[in-house]
Structures are given as structure tokens and as C-alpha cells.
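Each remark here refers to the structure printed beneath this line.
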Amino acid sequence: MWFLILFAIVFVLVLAFKSNKKEETITRTDQETGKTIVEKRTINTPSAGQTAARGVLWIIGIIIMIFILLIVIGAMMY
């Protein structure tokens with residue numbers, strides 16, 4: 001059971017922080033000179049799964065912060 005929970009946590013962490021770079025090459029021909037121009041672009045956009053994993057991490061972080069806040073408030077009441 002703990003193995004499955006640990007696997008899910010590691011899976012979400014890896015998915016949230018993995019690199020998602022796409023490289024595209026654009027080839028154009030200049031009309032005046034006839035030269036071929038080659039452009040390479042690197043685009044770094046998160047995938048839908050990556051965005052969802054980051055959302056899950058935010059939710060877990062907020063829950064942990066609320067839990068810590070409740071512990072501190074409870075300790076201050078005594």
C-alpha cells in the first residue's frame with residue numbers, strides 16, 4: 001500500500017517538473033536574394049498533464065500549510 005502511495009507521489013513530482021521543450025525548424029526563402037534562411041526555435045510550454053501535476057502540488061502544499069497552522073494555533077491555546 002505504501003509503495004503505491006510513494007509511486008504516485010514520485011510520479012506527480014516527476015511529471016510536474018520535467019522539461020517539455022519542443023524545437024522547430026523554419027526554412028524560408030528570401031524573395032529578393034534567393035537565399036534560404038533557416039530559423040530554429042525552442043519552445044518551452046507545459047503540457048496538460050504537467051499543468052495538472054503542478055495544480056495538485058499547489059493543493060497539497062495549501063493543505064499542509066493549513067495543517068501546520070492548525071497545529072500552531074492549537075499549541076498556542078494551551
Side-chain angles (χ1 to χ4, degrees):
M1 180 66 181
W2 288 106
F3 176 75
L4 293 176
I5 293 172
L6 182 64
F7 177 77
I9 291 170
V10 171
F11 182 74
V12 168
L13 287 174
V14 168
L15 185 62
F17 295 112
K18 76 173 186 163
S19 177
N20 192 20
K21 293 182 182 178
K22 284 196 285 185
E23 186 174 306
E24 54 182 38
T25 304
I26 300 171
T27 305
R28 292 185 282 155
T29 304
D30 191 4
Q31 298 293 332
E32 296 175 6
T33 61
K35 289 184 180 180
T36 303
I37 301 169
V38 178
E39 290 181 24
K40 289 189 177 182
R41 296 182 190 171
T42 303
I43 302 169
N44 190 9
T45 56
S47 65
Q50 196 172 15
T51 304
R54 289 179 182 173
V56 167
L57 288 178
W58 272 104
I59 291 170
I60 291 172
I62 290 170
I63 291 172
I64 290 172
M65 292 305 287
I66 290 172
F67 184 68
I68 291 171
L69 184 64
L70 290 174
I71 290 173
V72 169
I73 291 172
M76 292 171 72
M77 290 184 158
Y78 286 110

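What you see is a predicted model; the values in this text were computed from it and never measured. Excluded from the calculations below are hydrogen atoms, water molecules and symmetry mates; all remaining heavy atoms, backbone and side chain alike, are included.
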Spatial distance of atom [atom1] ([X]) from atom [atom2] ([Y]) [nearest 0.5 Å]:
{"X": "Leu69", "Y": "Ile62", "atom1": "CG", "atom2": "CD1", "result": "13.0 Å"}
{"X": "Leu15", "Y": "Thr51", "atom1": "CG", "atom2": "OG1", "result": "9.0 Å"}
{"X": "Met76", "Y": "Ile71", "atom1": "CE", "atom2": "CD1", "result": "14.0 Å"}
{"X": "Ile43", "Y": "Glu24", "atom1": "CD1", "atom2": "CD", "result": "4.0 Å"}
{"X": "Arg41", "Y": "Thr25", "atom1": "CZ", "atom2": "OG1", "result": "10.5 Å"}
{"X": "Lys21", "Y": "Asn44", "atom1": "NZ", "atom2": "CG", "result": "6.0 Å"}

**OP:** Quick one: closest heavy-atom pair of Gly34 and Thr29, and the distance?
**Re:**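 Heavy-atom minimum between the residues: O-CG2, 3.9 Å.
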
Original post:
Looking only at heavy atoms, which two atoms of Thr42 and Glu23 are closest? And how far apart?
Top reply: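 Closest pair (atom of Thr42, atom of Glu23, distance): OG1-OE1, 4.1 Å.
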
According to a hydrophobic-cluster definition based on side-chain heavy atoms being under 4.5 Å apart (Ile, Leu, Val, Met, Phe, Trp, Tyr only), do [X] and [Y] belong together?
{"X": "Trp2", "Y": "Leu13", "value": "yes"}
{"X": "Phe11", "Y": "Met1", "value": "no"}
{"X": "Ile9", "Y": "Ile63", "value": "no"}
{"X": "Ile64", "Y": "Phe17", "value": "yes"}
{"X": "Ile60", "Y": "Ile5", "value": "yes"}

**OP:** Would you indicate whether Gln31, at its atom CD, is surrounded by more than 12 heavy atoms from other residues, nucleotides or ligands within a distance under 6.0 Å?
**Re:**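 Not more than 12 within 6.0 Å, no.
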
